[in-house]
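Structure first, commentary second.
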Number of protein chains: 2
Amino acid sequence: MDNLIDDMLKSNNLSITGSRKKILEIFFSSNGALAHGDIEKRTSEKFDRVTVYRTLQTFLEKGIIHTIPTADNAIRYALCKDSCGEGHHHDNHVHFICSGCNITICLEDVLIPSVRLPFGFVAEEQQMVVKGVCKDCK
Amino acid sequence: MDNLIDDMLKSNNLSITGSRKKILEIFFSSNGALAHGDIEKRTSEKFDRVTVYRTLQTFLEKGIIHTIPTADNAIRYALCKDSCGEGHHHDNHVHFICSGCNITICLEDVLIPSVRLPFGFVAEEQQMVVKGVCKDCK
DNA sequence: CATAACTTTGCAACAGAGTTGCAAATATTT
DNA sequence: AAATATTTGCAACTCTGTTGCAAAGTTATG
Ligand SMILES: [Mn+2]
Ligand SMILES: [Mn+2]
Ligand SMILES: [Zn+2]
Ligand SMILES: [Zn+2]
């Protein structure tokens, strides 16, 4: 496990540091997407807030994590499982937010359907977020 | 026009005040969705920041405006054109964000396609945001 | 494996976003 | 017009996010 994380950092040309390892571990051991605040809580007293911001930014650029837009001004982050890389994300799956337990999860197997846009509009990227009740809260 | 706005407030059981009228006017005269900050700028020096927050909150609850989730932590707000009311929104259309001019618009005519969720998940509400190039920026 | 070169981190200081309580002002009801 | 109810502005505060810079840590090199 520790090796997996090291390799992951290496293959992305990132130096191996305590905070990067810890934050990746948090993502691997979490069963949902995380907001910046969640990560801060879980690294609590270990790293500076600023380091968390910078680490998330770096992971985002490298295609290690992707964002999930929200209507509560708290972007969630989750590991990319698709073939994302530096500068190109391909996370075209639906995200689900449970109104019960508030978990945010990647539905890797549910692809975002394409839509027909009005004349003149060109799509580059789409996001779909479904709110509802998750299988555990039913 | 001024009458339309007054009626709109009345029919929602809201008292008619300067800030509510002004903020509604701003929405009617804008051709895209607005973030809290945009509204603040356009009411500049006229109302307190806090009043803008409270007014948006009220409009949201009454079903006068709806939110558009974003990945930049700046929720956009737009007028509801569907049959939304106190406590129930029905804005099931796609939203488009232009990467050129950054406008955020409601594509009222593009309905969000439904998706098949994994067993056990129940959808209550869905959001779809498409990023790309708008017809004016092409 | 020691040193040099490079990268990341923590800290401090700051700017901006959002919240709350309360008294004054404004709107509605009678 | 007065009484009642609602909304607003202000002050004070908390939380979120950003930047510059020196110190600490990581990687590359011989
Ligand atoms: Mn995802
Ligand atoms: Mn809309
Ligand atoms: Zn749940
Ligand atoms: Zn545009």
Side-chain angles (χ1 to χ4, degrees), chain A residues 2-3 5-26 33-62 64-65 67-77 86 102 104, chain B residues 2-3 5-26 33-62 64-65 67-77 86 102 104:
Chain A
D2 208 40
N3 249 349
I5 284 177
D6 283 18
D7 290 351
M8 203 165 159
L9 288 170
K10 259 181 220 152
S11 69
N12 279 285
N13 287 313
L14 291 175
S15 38
I16 296 168
T17 68
S19 44
R20 285 175 181 166
K21 279 162 76 166
K22 178 66 186 167
I23 291 175
L24 269 184
E25 264 168 36
I26 291 173
L34 302 166
H36 171 94
D38 299 326
I39 296 166
E40 243 187 82
K41 272 171 220 141
R42 295 182 206 199
T43 54
S44 205
E45 316 304 325
K46 293 204 66 172
F47 305 106
D48 194 82
R49 262 160 17 88
V50 179
T51 300
V52 178
Y53 281 111
R54 293 197 269 226
T55 304
L56 289 175
Q57 191 51 44
T58 303
F59 287 176
L60 213 48
E61 282 159 8
K62 291 290 186 175
I64 296 173
I65 57 176
T67 55
I68 299 151
T70 65
D72 67 351
N73 274 356
I75 303 172
R76 308 297 147 83
Y77 301 88
E86 183 145 17
N102 210 37
T104 301
Chain B
D2 208 40
N3 249 349
I5 285 177
D6 283 19
D7 290 352
M8 202 165 160
L9 289 170
K10 260 182 220 152
S11 70
N12 279 285
N13 285 313
L14 291 174
S15 38
I16 295 168
T17 69
S19 45
R20 286 177 180 164
K21 279 162 77 167
K22 178 67 186 166
I23 292 175
L24 270 184
E25 263 168 37
I26 291 172
L34 301 166
H36 171 94
D38 299 325
I39 295 165
E40 243 187 81
K41 271 171 223 143
R42 295 184 206 198
T43 55
S44 204
E45 316 304 326
K46 293 204 65 172
F47 305 107
D48 194 81
R49 261 159 20 86
V50 180
T51 300
V52 178
Y53 281 112
R54 294 197 269 224
T55 304
L56 290 175
Q57 191 52 43
T58 303
F59 286 176
L60 212 47
E61 282 159 7
K62 291 291 186 174
I64 296 173
I65 57 175
T67 54
I68 298 151
T70 64
D72 68 351
N73 274 356
I75 303 173
R76 308 298 147 81
Y77 301 88
E86 183 144 18
N102 211 39
T104 301

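What you see is a predicted model, and the numbers here were worked out from it, not measured in a lab. Sequence lines set the chain letters: A, B, ... in the order given, protein chains first and strands last, and positions in each chain run from 1.
Summarising the geometry, the separation between NZ on A/Lys41 and C1' on D/dT16 is reported as 13 Å, rounded to the nearest angstrom. The CG atom of A/Leu56 sits 11 Å away from the P atom of D/dT18 (whole-angstrom rounding). The nearest whole Å value for the distance from the CZ atom in A/Phe47 to the C1' atom in D/dA23 is 17 Å. Nucleotide D/dT8 holds its C1' atom 15 Å from the CG atom of B/Leu14, rounded to whole Å. Regarding B/Arg20, its CZ atom lies at a distance of 15 Å from the P atom of C/dT26, rounded to whole Å. Distance A/Gln57 CD to D/dT19 C1': 14 Å, rounded to the nearest Å. Note: CG (A/Asp48) to P (C/dA12) measures 10 Å, nearest angstrom. One can place CG of A/Asp6 at 11 Å from P of D/dT26, the figure rounded to the nearest angstrom.
Taking 4.0 angstrom as the limit, B/Arg54 places none of its side-chain polar atoms (N or O) nearer than this to OP1 or OP2 of D/dT8. A close approach under 4.0 Å does occur between a side-chain nitrogen or oxygen of A/Asn73 and OP1 or OP2 of C/dG18. Phosphate contact (OP1/OP2 of D/dG9, side-chain N/O of B/Thr51, threshold under 4.0 Å): present. Taking side-chain N and O atoms only, B/Ser15 has no distance below 4.0 Å to OP1 or OP2 of D/dT6. When the side-chain nitrogen and oxygen atoms of B/Ser19 are compared with OP1 and OP2 of D/dT8, one or more of them lie within a distance under 4.0 Å. A sub-4.0 Å separation between OP1 or OP2 of C/dT8 and a side-chain N or O of A/Thr55 is absent.
Taking CZ from A/Arg49 and NE2 from A/His36, the interatomic distance works out to 6.5 Å, rounded to the nearest 0.5 Å. Within the model, atoms NZ of A/Lys62 and CG of A/Leu9 stand 10.5 Å from one another, a figure rounded to the nearest 0.5 Å. Expressed to the nearest 0.5 Å, how far OG1 of A/Thr70 lies from CD1 of B/Ile75 amounts to 6.5 Å.
Nucleic acid contact class of A/Lys10 (heavy atoms, under 4.0 Å, all strands): none.
Looking at the side chain of B/Val50, the nearest of the listed nucleotides D/dC10, D/dT7, C/dG10 is D/dC10. Among the nucleotides C/dT8, C/dA12, C/dT28, the one closest to the side chain of B/Ile16 is C/dT28.
Heavy-atom nearest nucleotides on DNA chain D were determined for A/Thr17 and for A/Tyr53, and the one closer to the 5' end corresponds to A/Tyr53.
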How far apart are the C-alpha atoms of A/Glu25 and A/Ile5, what are their side-chain angles, what is the distance that settles it, and do they pass the side-chain contact (heavy atoms from CB on, under 4.5 Å) test?
CA-CA 8 Å; A/Glu25 264 168 36; A/Ile5 284 177; 3.4 Å; yes
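Looking only at atom types and distance, the side chain of A/Arg20 has no donor-acceptor partner in the side chain of A/Thr55 under 3.5 Å away.
Judged by distance alone, with hydrogens and angles left aside, B/Arg49 brings a side-chain donor or acceptor within reach of the base of C/dG18, the pair sitting under 3.5 Å.
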